[in-house]
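All residue numbers refer to positions in the sequence shown, counting from 1. Because the structure is predicted, anything quoted here is derived from the model rather than measured. Counting starts at 1 for both ligands and their atoms, in listed order.
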Amino acid sequence: MNNKSRSFESDRQVSGNEILKAESDGLRSSIALELKDDSPTFSNDAAQILKFHGVYTQDDRDKRSTLRKNGSELAHMCMVRAAIPGGRLTPEQYLALDELASDLAGESLRITTRQGIQFHFVSKGDLKPVIKAVNDALLTTYAGCGDVVRNVTACTAPRSDGLDLQMAEIADQISARYKPASSAYFEIWSDGDRIEQAEADPIYGTTYLPRKFKIGIATTDDNCVDLMSHDLGVVLDPARVGQVGIVVGGGLGKGHADPGSLARLAEPLCTVRTEHLLQTIDIVLSIQRDYGDRSDRSRARLKYLIESHGIEWFRREAEARSNVPFMEFDSVKFSDSPSHLGLNLSAPSRPYYGLKLPSGRIKDTSQVALRTALRGVVHDFRPLISLTAKEDLVLFGLELEQLEKLRQRLDSDGVQLSESLSPLTRDSFACPALPTCGLALAESERILPTLTKEIDHELKLHALSDSEISLRMTGCPNGCARPYLAEIGIVGRSKRSYDVYLGANRKGTRLGTLYAADVAFDILRESLAGPLRLYSETRLSGEGFGDFCHRIGVQELTKRYAPAPRRTRKTEPSKSGQS
Ligand code: SF4
């Protein structure tokens, strides 16, 4: 890829992160040195570069205020993220990651909304063995975070037409091509030798991308990865073999106190022959690398470049850099966004079982030994595993009879099977938020079960218990669990209050609209009673809750039913997020 990175002189004042990247000696910074010192955490400069290695520095937020009050050191820890293209794991890889969680990472694994796995509560001293164990399982944490192409999402649940295999292959190709070229990762974590290389990365230059860059792949009949929320999306149409559509400029993160920030859906860019896909991604990345805002990180995602310059400008710029023919791509239509839960026989020779996980968390609790049960079935039945972008697990690669036995075993081990859960619980998930995420303003994962129970009660009152309604919750407006694409989106605003979004559709092609701001957790259920009652009484045949809210108008629903906002409360200062 032709590197046309602009110099700092030609930019407005660049942000501090740009200078850190440029001076990081190819993503090395002082990480290796600091790993040897006695401090329980890293310097801020090293912590910024650590993100490229898949590591966030954090502290236990549950303990923060007490420790501060006592004048003690914070409870420092790290989050380590394994990037797993398309979320596919062999049973051996799963068992290796599970063992790692036992030994060094807080006894839990956390599936992310981008089909990776996060380990929380890793001490600085355990970072090297944790990353080495991930590498030994033939996986990597490199580019799990940082201003580069992040983990590539794609639904890899089995399909009768085999497109899951094609998507998995494309995800692998994209993932391999856009890992940083620097050997820093192998030097630091595997004590490898330094390989002398050109100073500038051949794809990213010396300052990498202005911000993270998310790529996803979906088919027109299955948008479970929420493709339109990606910086770049690849659309496969089963009826158009040999071609792929490209969409660009999606991204959901925004700020409560930043009116110019926006959640945005991607727009169609072009259609290209499948063999030209990587060249086309090169071009899109090069435009973002060269023109993305490097002065203000809150405006540095591709979505802001396209929002300010327009998709026509972007297409012209892409065509000017391209030597492959672009064909038209008028509009993106998805027919479904399935959850992939329960026993699925749509590809009769490739059955699978989708297991609902509580917001992607795999751990043993006093109620159920979920991690132990999963370890047991993976060890004994040896299924292949696909992590979904809705934080669940798909188990496949077995004969139907074996799959049935696996399912029965989970049941007898006390694991709640997907089919025994309410539709709302099946279609809900949350981001981690407290106590690990430094950006969290409110609880999310830990409080979601209480919220779904409450809303399930409300649904029952309106004879809606069997209705399929999607619910997502996050601890801040960064939107890691994509709440603006759920029919009910709950976004943390302060310690005990949330904004409520309604009106998104189930296919992931329309964003929700703010219905009620700053609603106390205790009245979230009550705040939804009016819209749910109206939905129950006046919905059209087959109309989903999101479509209903959109048809009536979210503003109208706000006028009729939304509680008045509470007085805005002061929020706790943050350390480091994990978005
Ligand atoms: S950054 Fe915000 S949305 Fe993401 S995990 Fe943290 S609290 Fe949740």
> What is the ring orientation for Y185 with H53, classed by angle as parallel under 30°, tilted 30 to 60°, or perpendicular over 60°?
Replying inline: parallel
>> If I take every N, O or S atom of C480, is at least one of them less than 2.8 Å from atom 4 (Fe) of ligand 1?
In response: yes
> In ligand 1, which numbered atoms sit nearer than 4.0 Å to a non-hydrogen atom of N478?
Replying inline: 1 (S), 2 (Fe)
> Is C431 close enough that one of its N/O/S atoms sits under 2.8 Å from atom 6 (Fe) of ligand 1?
Replying inline: no
> With atoms numbered from 1 as shown, which atoms in ligand 1 lie under 4.0 angstrom from a non-hydrogen atom of G475?
Replying inline: 7 (S), 8 (Fe)
>> Tell me whether the rings of Y501 and Y484 are parallel (<30°), tilted (30 to 60°) or perpendicular (>60°).
In response: perpendicular
> Name the one of L100, V55, L127 that satisfies side-chain contact (heavy atoms from CB on, under 4.5 Å) with V122?
Replying inline: L127
> Which ligand 1 atoms are under 4.0 Å away from a heavy-atom of P432?
Replying inline: 5 (S)
> Looking at G479, which atoms of ligand 1 are within less than 4.0 Å of one of its heavy atoms?
Replying inline: 3 (S)
>> Using heavy atoms and a 4.0 Å limit, tell me yes or no: is S444 in contact with ligand 1?
In response: no
> Angle class for the Y204/Y208 ring planes (parallel below 30°, perpendicular above 60°, tilted otherwise)?
Replying inline: tilted
> Does T558 have any side chain to side chain contact (heavy atoms under 4.5 Å, CB included) partners at least two apart in sequence or in another chain, and if so, which?
Replying inline: Y515, V554, A562
> Which is it for C437 and ligand 1 at heavy atoms under 4.0 Å: side chain, backbone, both or neither?
Replying inline: side chain
> Going by the order shown, which atoms of ligand 1 are within less than 4.0 Å of some heavy atom of A440?
Replying inline: 7 (S)
> Would you say the side-chain atoms of Y304 pair up with the backbone N or O of G292, donor to acceptor, closer than 3.5 Å?
Replying inline: no
> Under the side chain to side chain contact (heavy atoms under 4.5 Å, CB included) test, which residues partner L265, sequence neighbours left out?
Replying inline: M228, L485, L511
